[in-house]
Amino acid sequence: MTKKKAMLIDLTLCVGCNACQVACKEANGLPANEEKNLSPTAYTALEEHDGVFVRRMCQHCDDPSCASVCPVGALAKTPEGPVVYDVDKCIGCRYCMQACPFQVPRYEWSSTYPRVSKCIMCHERVAKGLPTACSEACPTGATKFGDRDELLKEAYARISAEPGKYVAKVYGEQEVGGTSILYITSVPFENLGFRTNLQTTPLPALTWSALSKIPSVVTVGGSLLFGIWWITNRREEVKEYERNMKNKNQSTNGKQ
């Protein structure tokens, strides 16, 4: 059985050197200029919140909503963990952008042949047993690549060893069913721009729960609409009958 890979990002160790973005751009053939926000040419970016640097990138959900809403299968979760994107299948519907709870995917609005852009967690490297380019380039160990279960153990070990330093939470362990990108920090996550009101249930499960009711809704709704149509149509038939009878009576009286 393939073990899911992940990355543990320890924000207390990040110094904002941007080596992760430089390595990411080089690995993906993107323009080398530094970018502060996610974009079609920046799959990872560093934000600064009162001196704390926060990496933004695709969270690679264990049960990704972006893949669940894609009508053509352009997005898919690999057994190793990365959520990958197939540009040849993409039809540009941008449902993935609406579905992502972390608002990650970006769209090439200025391109003649636009595509969706996001981190693919160096899936070709990962499939070969190599670490992601960003984790390999990190000089401080702020980003560590490995088996998800082992990284979770390490994250809690760090928190237990220095409880006064870390917030007692691993972000990504349970959010929307769990993700392959895990964070630990010394600052409350809500103060760093993280969404802390997310459910622990995978979003596709909620979607399916709603979609599973569609047949009965369609049946009831269809019956209701048919009933409305029948009543409306019947009223018109009655009115037409009354008009015909009235005209007939007038014609008969006129002849008399």
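Any value given below was found using the heavy atoms of this structure, including those in side chains, with hydrogens, waters and symmetry copies removed. Residue indices begin at 1 and follow the sequence shown. Because the structure is a prediction, the values reported are computed rather than measured.
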Tell me the closest heavy-atom pair linking Cys24 and Tyr43, and the distance in Å.
SG-CB, 3.6 Å
Beyond-backbone contact of Thr140 with Asp10, side-chain heavy atoms, under 4.5 angstrom:
no
Just by distance, do the side chain of Arg106 and the backbone of Val104 share a donor-acceptor pair under 3.5 Å?
yes
Sort out for me which residue in Cys61, Cys66, Ser180 forms a side-chain contact (heavy atoms from CB on, under 4.5 Å) with Val83.
Cys66
Provide the closest heavy-atom pair for Lys77 versus His60 in the form atom of the first, atom of the second, distance.
NZ-O, 3.0 Å
Can any side-chain N or O of Gln21 pair as donor or acceptor with the backbone N or O of Glu35 at less than 3.5 Å?
yes
Taking Leu192 as the starting point, is it possible to reach Phe53 by hopping between hydrophobic residues whose side chains are less than 4.5 Å apart?
no
So does Arg195 get a backbone contact from the side chain of Tyr171, meaning a donor-acceptor N/O pair under 3.5 Å?
yes
Are any of the side-chain nitrogens in Glu154 or Arg158 under 4.0 Å away from the carboxylate oxygens of its partner?
yes
Using a 3.5 Å distance criterion without hydrogens, assess whether the side chain of Arg148 forms a donor-acceptor pair with backbone atoms of Glu173.
yes
What I want to check is whether the side chains of Tyr183 and Glu175 have a donor and an acceptor closer together than 3.5 Å.
no
Does atom CG (Asn197) have a neighbourhood of more than 12 heavy atoms from anything else shown, all under 6.0 Å?
yes
Between Tyr95 and the options Cys100, Cys70, Pro71, Pro105, the side-chain contact (heavy atoms from CB on, under 4.5 Å) test singles out Pro71
Under 3.5 Å, side chain of Ser65 to main-chain N/O of Ala99, donor-acceptor pair present?
yes
Mark yes or no for whether Tyr85, through its side chain, and Val116, through its backbone, hold a donor-acceptor pair below 3.5 Å.
yes
Does atom CD (Glu48) have a neighbourhood of more than 12 heavy atoms from anything else shown, all under 6.0 Å?
yes
Identify the two heavy atoms, one from Lys25 and one from Thr41, that lie closest to each other, and give their separation to 0.1 Å.
NZ-O, 2.6 Å
What I want to find out is whether Glu136 reaches Arg125 closely enough, with some N-O distance under 4.0 Å, to be called a salt bridge.
yes
Is Lys5 reaching over with its side chain to a backbone N or O of Met121, donor-acceptor style, under 3.5 angstrom?
no
